[in-house]
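A note on names: the letters A, B, ... follow the listed sequences, proteins ahead of strands, and every chain is numbered from 1.
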Amino acid sequence: MYDVPNTERDTTVNDIKISANKVQVYYGEKQAIKDVDCEIQDKTVTAFIGPSGCGKSTFLRCLNRMNDTISVCRVEGSINLDGEDIYDKRVDPVQLRAKVGMVFQKPNPFPKSIYDNVAYGPRIHGLFKTKAELDDIVEKALRRGALWEEVKDRLGDPATGMSGGQQQRLCIARAVATEPEVLLMDEPCSALDPIATAQVEELIDELRSNYSVVIVTHSMQQAARVSQKTAFFHLGNLVEFDDTSKIFTNPEDPRTESYITGRIG
Amino acid sequence: MPGLWLVLIVLALAIAGYVIGRQRALQSGGGNSRALHSLPRFYGWNVAIKVLLPAFIWLAVWSLVQTIIVEKTVSGIIPKEEITIGLEGEDLDLALKVIDANHSLRMAEMRRTAEGLNYLIAADLLTEDEAQNLTLDKVDVEKLLKDAGQVVTGEIIAPVLKASQRKLALDKRADIMKSIFIIGVALAFFIYSVLQSHKDYRARNSVEFMILGLLVLMACIAILTTVGIVLSLAFNTVEFFSIYNWTDYLFGTTWSPRSGAGTHQPLGLLPLLWGTLYISIIALVVAVPIGLFAAIYLAEYASPRVRGFVKPALEVLAGIPSIVYGLFALITVGPMLLDIFGNSGIGIMPGARSVMTAGLVMGIMLIPFVSSLSDDIINAVPQYLRDGSYGLGATHSETIKQVILPAALPGIVGAIILAASRAIGETMLVVFGAGAAGKLSGNPFEAMTTVTAKIVSQLTGDADFTQPEVLVAYALGTTLFILTLALNFIAQRIVNKYREQY
């Protein structure tokens, strides 16, 4: 065990993990996403911001094909993960979701024990051989979720009895336990109080050393705090996508500037 | 019909009260409804309810008390004439019981006669004076009543006639008093509440309080009737055990009641209980997997169009009366099983009626129960749990097995328990499908019978409520009641223990 050196954590240029080309999404007749091109880097936190209904959550859900579960939803264009088209017929969306984990807006622990929640993914994907290995996976995931110290003595308690912030960190630990390569977070802090939000944000920053994280957020401060890259969506279009520092200090598009200064949205 | 008139008068007062109360309140506010504390209609309702509620409660109470008092007064006229001198111990008890039974029969006859006379008066065949002066030596009262189409079951003897005449007279007087009293109550409340109707009066709060009272009253009625049923069951059961040994009942392995055999006949519960449980278990073994899997398909996989067709179709099954299932068991399933397992086949099935026949058909009957309830429960599992599971790379079926079913488990267990209670309480199907002989046997192709079927047969025909073979029906009823209660209790415990609350 050794600490990751700080120099490596702060690398600014990384490999491209996901690249999206001309993505269109329709709900029935209505077009929710128009011509989105976007490249998401590895070991980077990318934030999607924009007013409600701008399509940022929809686009996020395209990245692990969660939209497949909505029958009226249709996706066009191509999205590549490590150079492979995830909407190819040969790709099993279930396998894909194991690689691209997701954390939802509302903490949604299963009505099981804390341990069983974290062990859910490893059990489904057969990531262990012995009980000891599973215990190890669970402990590591809970440590990454910054939850281990709080729950190590009550792993058998029902997860639904925890506080909202703990539940959300458990959901992150649960997603981490399946060893994904990308972690999608759909407004993970919107149901949390400021203290729990701070904990989750700190956690997101730590997760960056291992994963590519994509976070949808309504809070521009949060986007500025946790992300290195920011994408601004408006009315289904990707208006601007650049380094977070640039977006918040010197945006190119007037719509972006209006939004971050509070004039629209 | 003075009773009907009374109700109509009270109703009319209430309607008038509504209009007047509303009007008065509006006037006190100078015609401006915003000056009132409550909306004008609340002042109307305030008066209407205050007229109706006390009047009807008093009407109910008065009618009840009147019946009791009149019966008490009249019953002295009908003699308890049997001689009990020289009888002791058990014989004396028995004789007293017989006397009581005879007396209550005569009281029933008296009530019928009074009703008949009442009818004759209403039909103008007799005047009230004539009815009061009827005597048996001058007029054939029985013929008179029969000719008018009234029911006469026994011989009308002089004291019965006299008592019924007395009852008529008493009732008439009491009815007049009742009418005056009730109208008085209604009027008093009418005046009182009309005077209340002033713009500052809090009519809305008052109406809401009275509505609350009404709800409480209804809840009390529901609970009290249940308590009443349980008590009547309990009293008769105690009476049964006072003349029959409880160990013989609870642990007896033979059931063969004979009319008139007294306390020395085998009335063992075990064969009946065994039949009930055996049939119920077979029914559940059929119904639970089919119903549950159907529910999973409907809730999780079926397209809206399939669902829109299959769900109502399944629920049609629930609407079929159980006697139709009984016929189905008797005519179709029984003979079919007999072909395979009967003497022409394997040879372990003596007749078409058997535990298997009844169990299979009952299982079919319970499928919609299990499936419909489970379907609703599975649908109620929130979408975010499914999303969470999909988001971790679980397939649809893994999600169902590991997330949805555990979350829905308490409800599903509830549905199964409900089905089990229904299976245990089912009667008609069993009468047709399972046979009539109580038997302790492991062979599911033999005819057996159940607790419910025997309650029916013990109370059908001439029932002498002093004999153990009749009273045993109450003990059987109590047994069933305790059984289903215990089942519910256990289910509750299981559900609480394994509950995965979302």
Members of residues 121-135 of chain A whose heavy atoms come closer than 4.5 Å to chain B
A:Ile124, A:His125

Output the residues of residues 69-106 of chain A for which the shortest heavy-atom distance to chain B is under 4.5 Å, in residue-number order; output 'none' if no such residue exists.
A:Thr69, A:Val94, A:Arg97, A:Ala98, A:Val100, A:Gly101, A:Met102, A:Phe104, A:Lys106

Side-chain H-bond candidate by donor/acceptor type, [X] with [Y], under 3.5 Å:
X: A:Thr58; Y: A:Tyr27; value: yes
X: A:Ser219; Y: A:Thr217; value: no
X: B:Ser322; Y: B:Glu426; value: yes
X: A:Tyr211; Y: A:Arg144; value: yes
X: A:Asn108; Y: B:Arg386; value: no

Are more than 12 heavy atoms from other residues, nucleotides or ligands located less than 6.0 Å from atom CZ of B:Phe209?
no

Under 4.5 Å from any heavy atom of chain B - which part of A:Arg174:
both

Run B:Ile282 and B:Tyr278 through side chain to side chain contact (heavy atoms under 4.5 Å, CB included) and show every step you take.
CA-CA 6 Å; B:Ile282 291 177; B:Tyr278 207 168; 4.0 Å; yes

Hey, does the side chain of B:Thr332 reach the backbone of B:Ala329 with a donor-acceptor pair shorter than 3.5 angstrom?
no

Do B:Thr395 and B:Glu398 make a side-chain contact, defined as non-hydrogen atoms from C-beta onward lying under 4.5 Å apart?
yes

side-chain hydrogen bond (donor to acceptor under 3.5 Å, both in side chains) between A:Tyr120 and B:Ser389, worked out:
CA-CA 9 Å; A:Tyr120 186 83; B:Ser389 179; 2.6 Å; yes

